[in-house]
Amino acid sequence: MSLCPVPHKEPGAPEAAARPPRPRPRLVFHTQLAHGSPTGRIEGFTNVRELYAKIAEVFGISPTEILFCTLNTHKVDMQKLLGGQIGLEDFIFAHVRGETKEVEVTKTEDALGLTITDNGAGYAFIKRIKEGSIINRLETVCVGDSIEAINDQTIVGCRHYEVARMLRELPRAQPFTLRLVQPKKAFDMIGQRTRSGKAEGRVASGKETLRLRATGAATFEEGPSATEEVAARRVDDLLESYMGIRDGELAASMVETARGAGSAAALASALAALLGDFAFPEEFVAQLWAAVGHHE
């Protein structure tokens, strides 16, 4: 067996310069319009707004035409919404504005039965409709509809928790109007939009992802662990129960915030900083504290 010779080093000789890390290859993502389009290629974005701008540039539309994006499916699948993380192999489908519709709603009980999320770029939309609820009885209202106005007051630019609060504060027995925008629907192009079966799959947990941030550059991170995913799902359920919203990225941020807090009181202060003046009940903070593994 031969051994590789070790180069002789004179005493006091300077250390060899460390080899610079290999540059990360340029990241290029594939995208289509969900109702049907050729495939485009996008790169060089660090947040959701920039992502929408890149998609809009490829297809010659305005960024404000994009309501939301799904990963690896052209369907209005709320389980595959693009949030703050994109797997490096994910295929991005952009759902754009379709028809506008107005619906009159009478609030006969406190809860309308809506769960709201937002696209990170100014549009709040319906993520879930509770079976048997007030909204469920209105056939024209659908999951994926963007809420553009409440009683002619535009809510474009509002976060989803602000919209949920507005709806919750509307008086009972007094009709109000929702102006909704539905995603553009496909016609005979559905079969052309899906890639292979791999495109409809979910990137496995643990693979590297691109983490989009509201400020600063995007970062590369490993996917959440199984424990972190369970905690985030619990927090997402709490958000829906207390605030009428679902937001996996916000839930993940809350888990991260809770784990960095030294006490439930510190967590309450951190949440106030995270969501401004939104008032979290003490019971919510206590359950969030427990959901991430802390116990009094």
Side-chain angles (χ1 to χ4, degrees), residues 26-59 61 63 65-97 115-121 123-128 143-146 160 183-186 189-214 218-226 228-229 232-233 236 245-253:
R26 188 177 67 180
L27 292 180
V28 179
F29 293 86
H30 292 84
T31 183
Q32 291 180 359
L33 299 180
H35 65 279
S37 76
T39 298
R41 293 157 60 91
I42 56 173
E43 59 181 303
F45 54 88
T46 60
N47 56 53
V48 172
R49 288 183 184 273
E50 290 181 5
L51 166 64
Y52 285 7
K54 293 288 184 180
I55 295 174
E57 182 180 353
V58 166
F59 296 112
I61 61 176
E65 290 293 301
I66 301 174
L67 298 179
F68 56 86
C69 294
T70 50
L71 298 177
N72 307 315
T73 179
H74 64 278
K75 300 175 183 177
V76 180
D77 185 342
M78 296 293 108
Q79 299 304 311
K80 295 185 179 180
L81 283 174
L82 183 152
Q85 291 191 335
I86 306 175
L88 301 190
E89 298 178 4
D90 282 346
F91 196 107
I92 303 169
F93 290 87
H95 299 254
V96 301
R97 293 175 63 95
T115 298
I116 301 171
T117 191
D118 68 38
N119 69 353
Y123 289 151
F125 57 93
I126 299 170
K127 186 170 185 179
R128 182 181 295 178
V143 168
D145 287 350
S146 174
H160 47 356
K184 191 170 184 178
K185 296 180 179 179
M189 296 178 287
I190 293 178
Q192 301 175 22
R193 287 194 318 275
T194 55
R195 295 194 298 163
S196 64
K198 183 179 178 182
E200 292 289 339
R202 185 184 295 267
V203 174
S205 176
K207 289 192 176 182
E208 197 172 28
T209 62
L210 180 66
R211 175 80 177 269
L212 305 178
R213 300 185 181 278
T219 57
F220 296 93
E221 299 179 1
E222 290 298 318
S225 67
E228 290 169 335
E229 286 186 335
R233 283 197 295 269
D236 208 14
I245 67 172
R246 287 194 82 87
D247 187 329
E249 185 63 20
L250 177 60
S253 295

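Quick caveat: nothing in here was measured; it's all calculated off a predicted structure. Reckoned from all heavy atoms, side chains included, excluding hydrogens, waters and symmetry mates.
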So, for Asp77 and Thr70, which heavy atoms are closest and what is the spacing to 0.1 Å? O-CG2, 3.8 Å
For side chain to side chain contact (heavy atoms under 4.5 Å, CB included), just list the numbers for Phe125 and Asp145, CA-CA rounded to whole Å, side-chain angles, deciding distance to a tenth of an Å, and then say yes or no. CA-CA 5 Å; Phe125 57 93; Asp145 287 350; over 6 Å; no
Across all chains, not counting sequence neighbours, the side chain to side chain contact (heavy atoms under 4.5 Å, CB included) partners of Val58 are Ile42
Taking all non-hydrogen atoms of both residues, which atom of Val76 and which atom of Pro183 are closest, and how far apart? CG2-CG, 4.4 Å
Audit row: Ile66, Phe59, side chain to side chain contact (heavy atoms under 4.5 Å, CB included) steps and yes/no: CA-CA 11 Å; Ile66 301 174; Phe59 296 112; over 6 Å; no
Of all residues at least two apart in sequence or in a different chain, which pass the side chain to side chain donor-acceptor pair (under 3.5 Å) check with Glu50? Thr46
For the residue pair His30 and Arg41, what are the closest heavy atoms and their distance? NE2-NH1, 3.6 Å
Among Val48, Asn119, Ile86, Ile55, whose side-chain contact (heavy atoms from CB on, under 4.5 Å) with Cys69 holds? Ile55
Distance-minimising heavy-atom pair for Gln32 and Thr39: NE2-OG1, 2.6 Å
List the residues meeting ring-ring contact (aromatic ring centres under 6.0 Å, His included) with His95, not counting sequence neighbours, and say none if there are none. Phe68
Thr31 side chain vs Ile92 backbone, donor-acceptor pair below 3.5 Å: yes
Answer yes or no: is there a donor N or O on one side and an acceptor on the other, between the side chain of Asp118 and the main chain of His160, under 3.5 Å? yes
Step-by-step side chain to side chain contact (heavy atoms under 4.5 Å, CB included) determination, Met78 to Thr115: CA-CA 11 Å; Met78 296 293 108; Thr115 298; over 6 Å; no
Between the main-chain N or O of Asp90 and the side-chain N or O of Asn72, is there a donor-acceptor pair closer than 3.5 Å? no
Tightest non-hydrogen contact, residues Ala232 and Ala251, listed as O-CB, 3.4 Å
Closest heavy-atom pair and its distance - Val143, Arg128: CG2-CA, 4.2 Å
Approximate separation, where rounding is to 0.5 Å, of Leu82 CG and Tyr52 OH: 6.5 Å
